[in-house]
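Single-structure report; data block below.
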Amino acid sequence: MTHYDLVFLGTGHNALVAQAYLARAGLRTLAIDRAAVPGGGLRTLENPRRPGFLHHPHSFFHRAITRMPWFRDLEMERHGVRYLQPDLNVAMLLRNGRALEWWTDPERTVASFAEFSTRDAAALRRWTDEFRPIVEKILIPESQCPPLEPARRRALLERSALGRRLLEVSAWSPLEFVTREFEHDAVRAGLLFFNGLREVDLRLPGFGHAIPALLASPSKAQMCVGGSGNLARGLVADVREHGGEIRCAAAPREIVLRHGRAAGVRLETGEEITADAVVSGLNPQQTFLDLLPASAVSADLRGRAEAFGYNLLAPLFALNVALAEPPRWAAAAGRPELEHAFMFIVGLERFGQFHDIVAAHEQGRIPETVAWGACPSLFDPTQAPVGRHTAFLWEKLPYALRGDALNWDGAREAHGRHLLETWSRFAPNLRGAVLDAFARSPLETERELPNMRGGDLLVGSFAQGQIGWNRPFAGAGTYRTPVPGLYLCGGSTHPGGNVTGLCGYNAARVIAADAGKPVWWSPPDIETALAALP
Ligand SMILES: Cc1cc2nc3c(=O)[nH]c(=O)nc-3n(C[C@H](O)[C@H](O)[C@H](O)COP(=O)(O)OP(=O)(O)OC[C@H]3O[C@@H](n4cnc5c(N)ncnc54)[C@H](O)[C@@H]3O)c2cc1C
């Protein structure tokens, strides 16, 4: 039997990032995953009916990945991982042929906003300028450090003008932010959709800074050349190069405890793997309730793990298509730049649609279609056979359709056809260009990645105070848990879901320190960063 310093549960990108740092720190590591391939939400599938067409069953738009500290530290470029950041980063296509456009060049975005409202264009410029230092000096360092205790954080922020401004704007909800600061209906809708709806509950106070922070963020949406799975391949290569081991198709049955300390994992096959510590990339219910022996979990810890909540608005329905030609937007007749739009949004016209989307999720029904997607092969021809294309359209839809997620099995195909019909109204050539299509519902997401409970791709909501020090819950918010030798590193921890790798990046620092290993990289120090604010 082999003994490891650390055994990781799951090979999501956060676990792989943490494993790579710790393998480089000299620790003997093993990651196990129930799936057949490592990478979790980083996956590229080749269409089995149409060889050469690549699809993304999970993540595709990776924000600011090439600026992440681990991308550099773990030498992703040397491992052959390359990213593209198309210039027309997002285009919201309106039925009347107009389009609201977000460019990598902020001046072009301001010009697009000005076509709708000169006042909104001025507000965009003002908020981008004002929030740039807040993003660079506060929000980026905070996301790259274990979180501070909330009272300490507030005290540090209150000492500076930048910190006080962040606290002031944060107290609003995203809805309040757009209604106070922007006037045009389509601009408000676009800002909420692009920057808000996909991340946080728009009605939640405490998130007023989310939209200006994204407006001021230096990096936009990026895509991995060759498909998202290539990032997983690069991370796996780095882990293995430094002696780390990865075993797939290996399902854990329980976390083994010795003298009250996590000391390994027993697999479903009965095999036991011993380790000095266990690092879970899974969600709190899986980690504390499914995998720890009940006798090791106090009533208080059980209650906290059970109470960890998931996003109502995060599940996705996806239509994936193999195409004879790319979508040709009707609106591109007057706006040729749309032929090169990276992320496109269709069906979103009015601010008021948000209330219906939220109500539909609460009621388990399908709302009027608002969807977004991309045609990856337009930018990366390796993702489809020569002259052909691959594309997808995503829609936020409730997990419990008509009260029960199993209803998706009967409704999936028909809804996929409906989505294609809606898409074709904006790009009429699609009616004759589809060579193959398949749909995936929020239920497929959960079946494949059960840590995304209820299909929540963010692996836990930011509501109920589940942020920072309190993510997933107080007492487990700094990657250490109440069980000695057991750590967390997945999207259920700070700074949360999506492909950022920062949960794993931050966890690695804490685990290395506890293991008495040098932190060989140079993470920021949040106390110093906040104390130095102007
Ligand atoms: C349809 C869809 C689209 C998305 N689009 C984007 C996007 O464009 N941009 C973006 O940033 N994010 C996107 N996401 C979200 C993103 O994929 C996740 O937030 C991210 O992958 C979470 O990373 P993680 O490290 O927590 O682990 P995950 O990527 O969730 O991986 C968890 C791993 O744990 C394994 N696992 C689960 N349960 C067990 C178990 N019991 N035992 C052993 N192993 C287990 C899984 O097999 C998996 O490998 C999308 C997700 C989905 C589903």
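Note that ligands are numbered from 1 as they come in the structure, with each ligand's atoms numbered from 1 the same way. As the structure is a computational prediction, the values presented were derived from the model and not from experiment.
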Determine whether the aromatic ring centres of residues Phe473 and Phe308 are separated by less than 6.0 angstrom. no
Side chain, backbone, both or neither: which applies to Arg63 and ligand 1 if a contact is any heavy-atom pair less than 4.0 Å apart? neither
What protein heavy atom is closest to [atom], reported as residue, atom name and distance in Å?
{"atom": "atom 41 (N) of ligand 1", "result": "Gln286 NE2, 3.6 Å"}
{"atom": "atom 8 (O) of ligand 1", "result": "Phe61 N, 2.9 Å"}
{"atom": "atom 15 (C) of ligand 1", "result": "Leu457 O, 3.4 Å"}
{"atom": "atom 42 (N) of ligand 1", "result": "Pro252 CD, 3.2 Å"}

The option among Gly41, Cys248, Ala221 carrying the non-hydrogen atom nearest to atom 21 (O) of ligand 1 is Gly41
Proximal candidate to atom 30 (O) of ligand 1 [heavy atom criterion; set Leu316, Asn451, Thr11]: Asn451
Under 4.0 Å between a Lys/Arg side-chain N and an Asp/Glu carboxylate O for Asp409 and Arg447? yes
Ionic contact status for Arg240 with Glu245, cut-off 4.0 Å: no
Does ligand 1 have an atom that lies less than 4.0 angstrom from a heavy atom of [X]?
{"X": "Ala251", "result": "no"}
{"X": "Gly501", "result": "no"}
{"X": "Thr445", "result": "yes"}

